[in-house]
Structures are given as C-alpha cells and as structure tokens.
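What you see is a predicted model, and the numbers here were worked out from it, not measured in a lab. Keep in mind that the numbers below use all heavy atoms, side chains included, and drop hydrogens, waters and symmetry copies.
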Amino acid sequence: MKQTVSTTRAPRPAGPYTQGVVAQGLLWTAGFGPADPQTGEVPEGVRDQTRQVLRNVAAVLEEAGLDLGDVVKVTAHLQHLHRDVAGFNEVYAEMVPQPYPVRTTVGSDLADILVEIDVVAALRDPGRATGSAAGGRGRAGRAAHRA
C-alpha cells in the first residue's frame with residue numbers, strides 16, 4: 001500500500017503527480033525546483049536556487065515527521081553541471097547533515113531553472129508516518145492520504 005504526502009509549504013505539482021509517496025518504509029519525493037511555494041518567485045543563481053530547492057524538499061519531509069538527516073538517496077539535476085557543481089555542493093554541504101546520503105548528480109535540460117532535486121528518505125517509525133499506527137493523528141497522519 002502507498003500513501004501520499006502533501007503540504008502547502010512546497011510548490012504544488014505542475015502535473016499529474018504528488019509531492020511525496022510513502023511505501024515500504026520509505027518516503028519518495030517528486031523532483032522539486034526552486035520556486036517559492038508562497039510567491040512562485042525563483043531566486044537567481046545556483047546557490048540561492050539550491051537553498052530554495054532544499055527548503056521545498058525539507059517541507060515535504062517535515063510533513064511526514066522527517067528532516068534532511070533522514071534522506072538516504074538524492075538525485076540532483078543541474079542545468080549547467082560543470083559550471084555550477086561547486087556552488088551547488090557548497091550549499092548542499094551547509095544544509096544536508098552528515099553522514100551524507102548517497103547521491104547522483106547529473107546535467108539535465110531544465111526548464112528555466114538551474115536545480116531540481118528528488119530524494120528518498122527512511123521513515124523513523126513507518127506506522128506513525130503513514131498515519132496507520134498513529135490513528136491519523138499528528139502532522140504526518142493528517143498529511144498522508146491513500147493513493
């Protein structure tokens with residue numbers, strides 16, 4: 001069984017997908033870009049975009065009772081891989097706690113943004129995060145929906 005996780009603190013999906021799905025003790029997120037979820041504004045430069053992307057990812061994690069320290073796998077897409085990887089790594093190292101998750105970083109043709117990230121995180125308490133053990137109580141219980 002899978003359950004969805006959503007929050008207004010991250011950008012709404014731009015197509016037929018959800019912000020996050022809980023299945024088999026893991027939370028899988030959609031790929032998030034750097035748009036501010038309240039204003040829609042996209043910051044300039046790879047450092048500021050990376051910071052906003054990680055805030056967006058963290059918002060979905062937090063809705064499931066997790067944080068960036070629970071992430072086990074990151075897939076990062078950079079519009080300009082060779083030019084921007086140093087700036088990306090600088091902000092990533094500031095915001096993602098050690099031990100770092102495994103990561104794949106690739107160059108991608110992104111639509112008018114410089115960074116997109118999706119993650120997989122391990123649930124701390126799989127029953128609670130999906131709302132089943134918590135009886136639907138708590139932040140994660142309210143945010144999880146059967147899909």
Side-chain angles (χ1 to χ4, degrees), residues 1-43 45-79 81 84-106 108 110-111 113-147:
M1 176 175 13
K2 65 181 180 178
Q3 296 181 324
T4 63
V5 177
S6 62
T7 179
T8 59
R9 296 181 309 112
R12 291 182 357 179
Y17 59 91
T18 188
Q19 292 173 325
V21 171
V22 171
Q24 302 297 311
L26 299 170
L27 169 63
W28 306 75
T29 73
F32 285 95
D36 180 287
Q38 306 308 315
T39 66
E41 295 292 320
V42 173
V46 72
R47 286 174 178 80
D48 288 338
Q49 286 198 17
T50 301
R51 196 168 284 109
Q52 184 61 52
V53 169
L54 288 170
R55 284 187 202 118
N56 292 340
V57 169
V60 176
L61 293 169
E62 289 166 8
E63 200 64 36
L66 305 173
D67 60 40
L68 290 169
D70 297 303
V71 172
V72 295
K73 171 70 170 111
V74 173
T75 303
H77 300 265
L78 300 179
Q79 175 74 26
L81 180 63
D84 289 343
V85 72
F88 171 84
N89 279 335
E90 178 184 311
V91 174
Y92 182 92
E94 291 171 6
M95 295 186 68
V96 178
Q98 293 187 36
Y100 297 123
V102 297
R103 187 178 94 190
T104 301
T105 306
V106 297
S108 296
L110 302 173
I113 61 173
L114 301 175
V115 182
E116 182 175 311
I117 296 173
D118 65 86
V119 304
V120 179
L123 301 179
R124 295 176 188 171
D125 180 352
R128 179 170 163 76
T130 63
S132 60
R137 294 183 305 261
R139 173 181 241 170
R142 285 193 311 274
H145 308 281
R146 285 190 175 174

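In this structure, the side chains of Val96 and Pro101 come closer than 4.5 Å at one or more pairs of heavy atoms. When side chains are defined from C-beta on, Arg124 counts as touching Asp67, because their heavy atoms get closer than 4.5 Å. Annotation: side chain of Pro37 is not in contact with side chain of Thr8 (no heavy-atom distance under 4.5 Å). Side-chain contact between Val115 and Leu78: present, with at least one pair of heavy atoms (C-beta onward) separated by less than 4.5 Å.
Here the closest non-hydrogen pair linking Val5 and Gln19 is O-CB, 3.6 Å. Here the shortest heavy-atom pairing between Asp118 and Ala30 reads CB-O, 3.4 Å. Shortest non-hydrogen contact noted between Ile113 and Gln79 is O-CB, 3.5 Å. Nearest heavy-atom pair, Val119 versus Leu61, reported as atom, atom and distance to 0.1 Å: CG2-CD2, 4.3 Å. Nearest approach of Ala35 to Gly40, heavy atoms of both residues: CB-O, 4.1 Å. Nearest heavy-atom pair, Val60 versus Thr29, reported as atom, atom and distance to 0.1 Å: CG1-CG2, 4.2 Å.
Of the options Leu26, Val22, Asp70, a side-chain contact (heavy atoms from CB on, under 4.5 Å) to Leu123 is made by Val22 and by none of the others.
With rounding to the nearest 0.5 Å, the separation of CG in Leu27 from NZ in Lys2 is 13.0 Å. For the atom pair Glu90 CD and Arg51 CZ, the distance stands at 8.0 Å (nearest 0.5 Å). Atom NZ in Lys73 sits 9.5 Å away from atom CH2 in Trp28 (nearest 0.5 Å). Note that OG1 of Thr104 and NE2 of His77 are 9.0 Å apart. Values are rounded to the nearest 0.5 Å.
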**OP:** Report the C-alpha separation of Arg103 and Tyr92 in whole Å, then their side-chain angles, then the decisive distance to 0.1 Å, and conclude whether the side chain to side chain contact (heavy atoms under 4.5 Å, CB included) test is met.
**Re:** CA-CA 11 Å; Arg103 187 178 94 190; Tyr92 182 92; 3.4 Å; yes
**OP:** Dump the intermediate steps for side chain to side chain contact (heavy atoms under 4.5 Å, CB included) on Val46 and Gln49, then the final yes or no.
**Re:** CA-CA 5 Å; Val46 72; Gln49 286 198 17; 5.7 Å; no
Original post:
Val53 and Met95: side chain to side chain contact (heavy atoms under 4.5 Å, CB included), yes or no, with the steps?
Top reply: CA-CA 11 Å; Val53 169; Met95 295 186 68; over 6 Å; no
Original post:
Can you check side chain to side chain contact (heavy atoms under 4.5 Å, CB included) on Thr75 and Ile117, steps first, answer last?
Top reply: CA-CA 6 Å; Thr75 303; Ile117 296 173; over 6 Å; no
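A distance-only check finds a donor-acceptor pair linking the side chain of Thr7 to the backbone of Arg9 [under 3.5 Å]. Not a single donor-acceptor pair under 3.5 Å links the side chain of Thr50 to the backbone N or O of Phe88.
Checked by atom type, the side-chain pair Gln52/Asn56 shows a donor-acceptor distance below 3.5 Å.
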